[in-house]
Amino acid sequence: MARKLFKKWLPEPAEIKNKPALQFLGTLLHDPNLFHLNRHSVSVATSIGVFVAFLPIIGQMPTAAVLALLLRANLPIAIILVWISNPITIPPIFFATYELGRWVLDYPPHQFSIEFSWRWLTGEFLKLWKPLLTGSLICGTFFSISSYFFARAFWRWHVIKNWKKRQSSRLKASQDSNKNNQ
């Protein structure tokens with residue numbers, strides 16, 4: 001089943017429960033439904049992780065964890081997928097979302113350079129946040145919905161493939177049994 005495929009790649013629930021970044025959730029982490037692997041929990045977790053990955057916020061992992069708790073989705077998958085936006089992919093993702101937001105809001109092009117300072121954050125970022133947030137929400141929503149349906153389709157395809165494989169092996173065993181009886 002698809003469950004075995006996911007289980008092979010996911011950390012154990014005890015590992016997740018001991019993460020320092022998630023300790024603020026306390027006993028909520030002990031809900032076994034957060035670690036179930038079924039089509040619904042995996043699809044919703046995929047959607048959560050992808051959506052949060054596009055948000056230009058600090059604390060994406062705790063945000064994904066809280067959403068997984070609220071929507072009763074698979075916690076490890078939601079947290080892992082947040083890492084779509086990592087130090088290597090953040091610049092192209094946020095540039096693309098900024099450009100999309102600028103286009104949607106019909107903002108004129110703005111020349112800027114990124115600097116990690118308080119002055120830049122209070123000056124330049126205040127000019128960029130509306131198109132960045134708008135583009136991020138649009139992309140996050142689009143890719144979140146797409147990933148939800150992709151995860152459901154992948155799960156279904158995997159189950160059907162295994163079912164046909166079992167059916168084929170049963171048919172072959174039945175044919176071999178009939179040959180031996182004759």
Side-chain angles (χ1 to χ4, degrees), residues 2-101 114-118 120-122 124-126 128-155 158:
R3 182 177 296 121
K4 291 178 185 174
L5 179 71
F6 283 105
K7 199 164 187 113
K8 181 170 63 170
W9 294 97
L10 291 176
E12 291 296 317
E15 247 180 274
I16 300 291
K17 292 173 187 175
N18 293 329
K19 292 279 184 201
L22 299 176
Q23 293 306 307
F24 74 96
L25 297 172
T27 59
L28 294 173
L29 283 177
H30 298 289
D31 181 1
N33 291 320
L34 297 176
F35 302 99
H36 280 214
L37 288 169
N38 57 44
R39 186 171 53 193
H40 173 75
S41 68
V42 169
S43 301
V44 174
T46 302
S47 184
I48 290 168
V50 170
F51 180 76
V52 174
F54 277 92
L55 296 180
I57 59 173
I58 295 172
Q60 290 178 330
M61 286 176 54
T63 303
V66 169
L67 287 173
L69 282 168
L70 293 174
L71 299 174
R72 302 186 57 84
N74 186 283
L75 183 65
I77 292 175
I79 291 173
I80 288 168
L81 285 174
V82 164
W83 282 94
I84 290 171
S85 62
N86 58 59
I88 295 170
T89 61
I90 283 176
I93 287 173
F94 288 167
F95 178 75
T97 58
Y98 168 76
E99 287 296 322
L100 176 64
I114 296 176
E115 215 180 279
F116 294 106
S117 69
W118 185 254
W120 181 86
L121 189 63
T122 57
E124 287 294 314
F125 186 73
L126 291 177
L128 306 174
W129 78 269
K130 284 181 185 175
L132 177 63
L133 185 61
T134 301
S136 295
L137 290 173
I138 291 169
C139 286
T141 302
F142 173 78
F143 288 111
S144 174
I145 291 169
S146 299
S147 68
Y148 174 83
F149 287 111
F150 175 78
R152 289 188 70 86
F154 175 76
W155 190 282
H158 202 274

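Throughout, residue positions are numbered sequentially from 1 according to the sequence presented. For the numbers below, each heavy atom of this structure counts, side chains included, while hydrogens, waters and symmetry mates do not.
In terms of modelled atom types and a separation under 3.5 Å, the side chain of S85 and the main chain of A53 share a donor-acceptor contact. In this structure, S136 contributes its side chain and F54 its backbone to a donor-acceptor pair below 3.5 Å. T89 contributes a side-chain N or O that, together with a main-chain N or O of I84, makes up a donor-acceptor pair within less than 3.5 Å.
Between F154 and F150, the ring planes are parallel. Angles under 30° get that label, and only those over 60° would be called perpendicular.
Using a 3.5 Å distance cut-off with no hydrogens or angles, the side chains of S144 and S47 do pair a donor with an acceptor.
For the pair I77/L37, a side-chain contact is recorded, criterion being any heavy-atom separation below 4.5 Å from C-beta on. Put simply, the side chain of V50 does not reach to within 4.5 Å of the side chain of V82, judged on heavy atoms. Contact check for M61 versus W83: side-chain heavy atoms found under the 4.5 Å cut-off. Between Y148 and V44, some side-chain heavy-atom pair lies under the 4.5 Å cut-off.
The minimum heavy-atom distance linking A73 with I48 is given by the pair CB-CD1, 3.8 Å. Between L132 and F94 the shortest heavy-atom distance is CD1-O, 3.5 Å. Scanning all heavy atoms of the two residues, the minimum distance from R39 to R152 falls at NE-NH2, 3.5 Å. Of all the heavy atoms in L100 and C139, the pair that sits closest is CD2-SG, 3.6 Å. Across all non-hydrogen atoms, the minimal contact from P87 to P91 is O-CD, 3.6 Å. Between T46 and A151, the shortest heavy-atom contact is OG1-CB, 3.9 Å.
Taking CG from L71 and OG from S41, the interatomic distance works out to 12.0 Å, rounded to the nearest 0.5 Å. Rounding to the nearest 0.5 Å gives a distance of 11.0 Å between CD1 of I93 and CD1 of I88. Within the model, atoms OG1 of T63 and CG of L55 stand 7.5 Å from one another, a figure rounded to the nearest 0.5 Å.
In the displayed structure, I58 atom CD1 is contacted under 6.0 Å by at most 12 heavy atoms of other residues, nucleotides or ligands.
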